[in-house]
Amino acid sequence: MGSLKRKSSWSSKTLAKSKKRKGPHLPNSILKMIATHKRPLNSDDNEIDSDVDLYEYEEGIPEEESRKNNRYGRLDNYEFKLPDDFEDEDVESEDDEDGLNSEYDGDDDRHTRMLQVLTGMPSAAFNSENKSKPLLFTEPYPEGEFNPTRDVLSGKNILTEEDFLAPLEEYHKTSKQISRMRKDTYKSLVHPPLPKPDRERLERKAARGLVDEEFSKWVHLVKRNREAPTVYFNQEVVNLGKSTVGAIASEFQPRTEFEMRMASVLNDNEVSEAHREDGARLLELNQASSVIYFIPCRLHDVSMEDHIKDYNHIAKMRSLLFNHERKSKQIKKIKSKLYHRLKNKDLRNSVLGALMDPEMAKEEAMKQEARRVEERMTFKHKNRGKWAKRMVRRGLNVKYNGTGEAITEQLQINAELSRKINSLRDGSSSDEEELSDGSDQDTPYKLLAKAKEKTLRALEDDEVCNSGLMSLPFMVRAMKKKNEEANEEAKRAVEEYEEWENSGGAVKPKKTISVSGRRVFGAIEAPKESKKDSDNFYDNNSDSDIDDNDLEGVRDTASPARRNTGTTTETEVTRDEGGEDSESEAEQMVDGIFEVPSQAELINRAFAGDDVVGEFEKEKQEVLNQEVPEPEKPVLLPGWGQPWPTNKRGYHQIKTTRKEEDAQRKREEALKTRKDFRLKHVIISEKVDKKAEKLHTTTPPFPFTSKEVFEHSMRMPIGPEFNPSTVVGDLNRPEVVKKTGVIIKPVKFEEVNPNEEVDDEHPRNHQKPRLNKKTSRRQSKVK
Amino acid sequence: MRIKTISRSVDEFTRERSQDLQRVFHNFDPSLRPMEKAVEYQRALTAAKLEKIFARPFVGAMDGHRDGISCVAKNPNYLKGIFSASMDGDIRLWDIATRRTVCQFPGHLGAVRGLTVSTDGNVLVSCGTDCNVRLWSVPRPSLEDSDLSSEKSTEPSAVYTCKNALLAVDHQFEGDLFATAGAQLDIWNHNRSQPVQSFTSGSHSVISVRFNPGEPDILATSSGDNHISIYDIRMSSAARKILMRTKTNSIAWNPMEPMNFTAANEDGNCYSFDGRKNEEAKCVHKDHVSAVMDIDFSPTGREFVTGSYDRSVRIFPYNGGHSREIYHTKRMQRVFCVKYSSDATYVISGSDDTNLRLWKAKASEQLGVILPREQKKHEYNEAVKNRYKHLPEIKRIVRHRHLPKPIYKAKAESRAMNDAKRRKEDRRKAHSAPGTVVTESHRTRRIIKEVE
């Protein structure tokens, strides 16, 4: 177009010149030439417009002049449209005009020739530029029938077929033919092609629609793939070639000489037959042995499992026996007499030896009994030993943990022993218990009578057994002593019983009888019985103020009653005191002597001792120091760095450096920026927990919009320790699952139902192609 | 009286072999394991560190060419076969398992600029600046080939001559057409010496051409006048044209999403487009500091690899703005061509230093046969790392890459420049009437328009 413009401007210049010179009297030839170059009916308006602009701009024909042309009759219209026509000339054939133009523009011809020489291209290429050249022709001949007027040529008053046919339409016969002819003429009407850019644009538009359609059919497939949590590639079984050694070996072909020879040997019939025979014999032997082995099983008709069990058992016993024999042999070999003596002694002493010899067993039992008796007779476990007494007296049991523990251990052993005794006694005197049980409903009189009777009996048969351990002199002495004590106690008890009987059972016993385990064991039953009775007595007197727990204490401890009473009195005393105090206060209030203090005073009085505000300030200061630490003071070694006392007071004057000042200022600023700087009574900690910080992000990361969702995504652990093994695989599955070494083919089209629910349970199914008839038809249509 | 005992059947707990694992039972009650998050975080941290330790992406270099490697092609039917061509007209077939040249294809006189293999892997098509298109029959891989140390050479099965130098070639997926790019875009059939179809557009030459693997009739080209065009070879003209500010060196279609393609641009960015809406890019992949020379999609469609003039190879996620990996060596020069292997496990790059390099697509991946238990462990590590990737410490470790000094400096510089620009724009915005200064998004900034 650029070149066109240039040319057109040149030609229009000439035109304008001629116009200017000649005014309205244009030569006919020029006018005719213009007429021949008039534009056809359907040309592109846009292009013309653009050309008009250019023409007007470059020419600069004043408006008045163009208007002046109005004076020249029918030419005026035409002149105004003149530039429009030039554009059309490009589209129309141009070769004809070239010939005509050549005479007018010699310069152009020369120019084209020059171009031709320079570029070596045919002149046609350059001449095409000339088509835009507007030319002026005048009409040298007068208007007439054979010389159409300008109007006609410009397409305004053109004669068409219709003009000729119109009068014929009145006749009906011809009208049909005419209409048919008219149709034909319309059909044969060929529009000129559009300019190339437009044409291309239209073509692109059409192609774009088609391509977009092609692309759009993939949308569902792509969407499904993208949304799938995992995409699988090549999960169907792929043949990767021979995988086993056997498969490779089966296709082995001997190639080299050696291999050939080997093959000939291996494939030799004789050899293989011999081998087979050998194999058969071996097999036979094997079978024979197995048959022999299995015969007993069949005889006994035992199941296989039982047989295996038996077999294992026998094997185990055998091995045990073997080991034992080996060991005994080893022992027998030892020559040391001392060893054997000790061994025999051990054997005798051991339970095994006792079992062997009844006499020995008896002796052993006696010995054990004696040991037991000895232990029970001593005061060892009651903290009455010398050591224990000393410890208790000096309070060492409290001071030292070890001694305390030892003493408690002794007591515990004692308690255990006594429990044993009780249980023993229960076993021995079950009938008595029955009696006593029966006497639960009995009156105290009866009980007392019974107790008395029993005590007396005990006093009477005060016999001492003289055999065994008891015959020992110290034992005899001890027994005597104990017996005397017991007797005395029994007598006292009897007296008491008598008293109670006299008083009619109304009097409560002041003091319970102290009982000890040793006494119980020592063949004297009287105190035990009495104690038993007293127990019953207490049980029956349910209205007594001593409860069952205290009774337990009575049984176990040496002087329980006293202790019990002590505690009760104490509590009572305290209660009484409290009562008295309250009473006195109440009295005061009632009397009006007591002055009621104000609330503030009360609080002041209540918190008189503690300085709350001061404490809080101190605490806050501590927190601040911790979070915004004070800058370090320079450390001065004595005698270094500073001259001797420079201060008035005689201390070292430490000069603050700028660094320190900076640090101090920084600290103050940091304190000022704190949230609790202005809040006197609040501490807001700004300490960051570094260990916790690494588990958090400052803002939720990109795909997450809220903190909660982000936290939620990390809530459940995914490890195998925290999840059952059935789920772990699904939780940890990567986004893309592929196999190394298998070629992945590009996507294949398949029909996808967009409304289909994506099942996460079986993601593998997604990859399976589901081609149906519809798809194939559509594909064929596309192609 | 109730006695609680542990009863377990012997059969379930007896191991068949001594190497077998003992069955372990866990109580999954969360109240018994209050520290699970901390435990998993620690594991993620360890996994991230281990990944760094095991990151050894470079598998090997293939040396043999005498000039810079201009293009690489992978055999779509045979995993080990990789073709490469150099600027001196030498074409080689490599066996990447042994990393040796299997065969040579001599014939081109000038630089070979385009190389492609038919889908069945039988025909190799090459084109170059000597205006020739040469078709070669690819030797069939066999066991004997790998044994022999000597390299074979073959003659071209056909030579077709054009008027102009050719810059790129690509083969249709599952068809027998291929397209060459030069002064115009030509579509050829294997058996015809003249192009079946030609597309001309503008006066500039077409730089690259790539067929769509999903839609075999659609192809995309980029031309020297900064256009990207999409053609349907059943139509007579382009379907779409995008005009960008800078030239596009290469284009790759996503093999799993046929409507999407990514263009490697001269300005160092890659632009992912949806073929239906081209007025803005779907995603801008930034990280290279110099022109991106070549791009290739992973067959999984989830990643693509780019080679750049800044002497580095990067791997991007298909929807991520920044690369997940950068590969570089001291000796690697300008990278002219990259390819993702057909099993999405390796990356091959050809560079100016005459070497073909083989990389692992995942730097720390364990190669070879992996036992199921090991595989599970790897998966767990990956999952845990993925879960806690946003936490600062793990993010730092995972993202850290050592960069060559020139790239590091160039990045810093470009960052500074971008910051300055943004600052300036912010100020301009702040000091002008609201709405008058509009910031254009990165996705549309480099796209001038879509040509109607």
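Just so it is clear, the structure is predicted and the values come from calculations on it, not from any experiment.
Here the closest heavy-atom approach between residue B:Y380 and residue A:G719 is recorded as CE1-CA, 3.2 Å. Nearest heavy atom pair, residue B:A344 against residue A:I744, reads CB-CD1, 4.1 Å. Between A:P717 and B:R387, the shortest heavy-atom contact is CA-NH1, 3.9 Å. Contact between B:R302 and A:V231 at its shortest, heavy atoms only, is NH2-CG2, 2.7 Å. Pairing each heavy atom of B:V451 with each of A:R204, the nearest pair is CG1-NH2, 3.4 Å. Across all their heavy atoms, B:D343 and A:G741 have their closest contact at OD2-N, 2.8 Å.
In terms of heavy-atom pairs under 4.5 angstrom with chain B, the leader among A:R201, A:E203, A:E721 is A:E721. Comparing B:E174, B:E382, B:E393, B:R240 by how many heavy-atom pairs each has under 4.5 Å with chain A, the most go to B:R240. Per-residue counts of heavy-atom pairs under 4.5 Å with chain B were compared for A:N723, A:T698, A:V736, A:L221; the largest is that of A:N723. In terms of heavy-atom pairs under 4.5 angstrom with chain A, the leader among B:K389, B:K37, B:E40, B:E379 is B:E40. Ranked by heavy-atom pairs under 4.5 Å with chain A, the first of B:S342, B:A383, B:P213, B:A38 is B:S342. Comparing B:L79, B:N212, B:L367 by heavy-atom pairs within less than 4.5 Å of chain A, the highest count is held by B:L79.
Heavy atoms closer than 4.5 Å to chain A are found in both the backbone and the side chain of B:R276. Proximity to chain A involves both the backbone and the side chain of B:L391, based on heavy atoms less than 4.5 angstrom apart. With a 4.5 Å cut-off on non-hydrogen atoms, B:Y231 does not touch chain A at all. Only the side chain of A:L210 comes within less than 4.5 Å of a heavy atom in chain B; its backbone stays farther off. No part of A:V728 comes within reach of chain B, as not one of its non-hydrogen atoms sits under 4.5 angstrom from that chain. Only the backbone of B:P76 comes within contact range of chain A, with heavy atoms under 4.5 Å apart. Contacts between A:P724 and chain B at a heavy-atom distance below 4.5 Å involve backbone atoms as well as side-chain atoms. For chain B, the nearby parts of A:S216 are the backbone and the side chain; heavy atoms of each come within less than 4.5 Å. In this structure, chain A has no heavy atom under 4.5 Å from any part of B:N319. Residue A:K694 touches chain B through both its backbone and its side chain, counting heavy-atom pairs closer than 4.5 Å. If you measure heavy-atom distances from B:N260 to chain A, the contacts under 4.5 Å come from the side chain alone.
No donor-acceptor pair under 3.5 Å is formed between the side chain of A:E200 and the backbone N or O of B:S237.
The residues A:E214 and B:R234 are annotated as salt-bridged, a charged nitrogen and a carboxylate oxygen being separated by less than 4.0 angstrom.
The closest side-chain heavy-atom distance from A:W218 to B:E257 is not below 4.5 Å. The side-chain heavy atoms of A:R226 and B:Y318, taken from C-beta on, include a pair separated by under 4.5 Å. Side-chain contact between B:M235 and A:V211 is absent, with no heavy-atom pair separated by less than 4.5 Å.
Here the straight-line distance linking atom CD1 of A:I743 with atom CG of B:N75 works out to 7.5 Å at 0.5 Å rounding. Remark: B:Q375 CD to A:N732 CG distance equals 11.5 Å, nearest 0.5 Å. With rounding to the nearest 0.5 angstrom, the OG1 atom of A:T697 is 8.0 Å from the NZ atom of B:K395. Between the NZ atom of A:K745 and the CG atom of B:N77 there is a distance of 6.0 Å, given to the nearest 0.5 Å. Here the straight-line distance linking atom CG of B:N386 with atom CD1 of A:I718 works out to 8.5 Å at 0.5 Å rounding.
Residue B:K277 qualifies as enclosed at atom NZ: its count of foreign heavy atoms under 6.0 Å is above 12. Crowding of A:E735 atom CD: a count of heavy atoms from other residues, nucleotides or ligands under 6.0 Å not exceeding 12. Residue-environment remark: NE2 (A:H696) exceeds the threshold of 12 foreign heavy atoms within 6.0 Å. Heavy-atom contacts from other residues, nucleotides or ligands closer than 6.0 Å to CD of A:E259 number more than 12. Within a 6.0 Å radius of CZ in B:R399, other residues, nucleotides and ligands contribute 12 heavy atoms or fewer. More than 12 non-hydrogen atoms from other residues, nucleotides or ligands lie less than 6.0 angstrom from CZ of A:F252.
Taking the six-membered ring for Trp and thresholds of 30 and 60 degrees, B:H390 and A:F704 have ring planes more than 60 degrees apart, a perpendicular arrangement.
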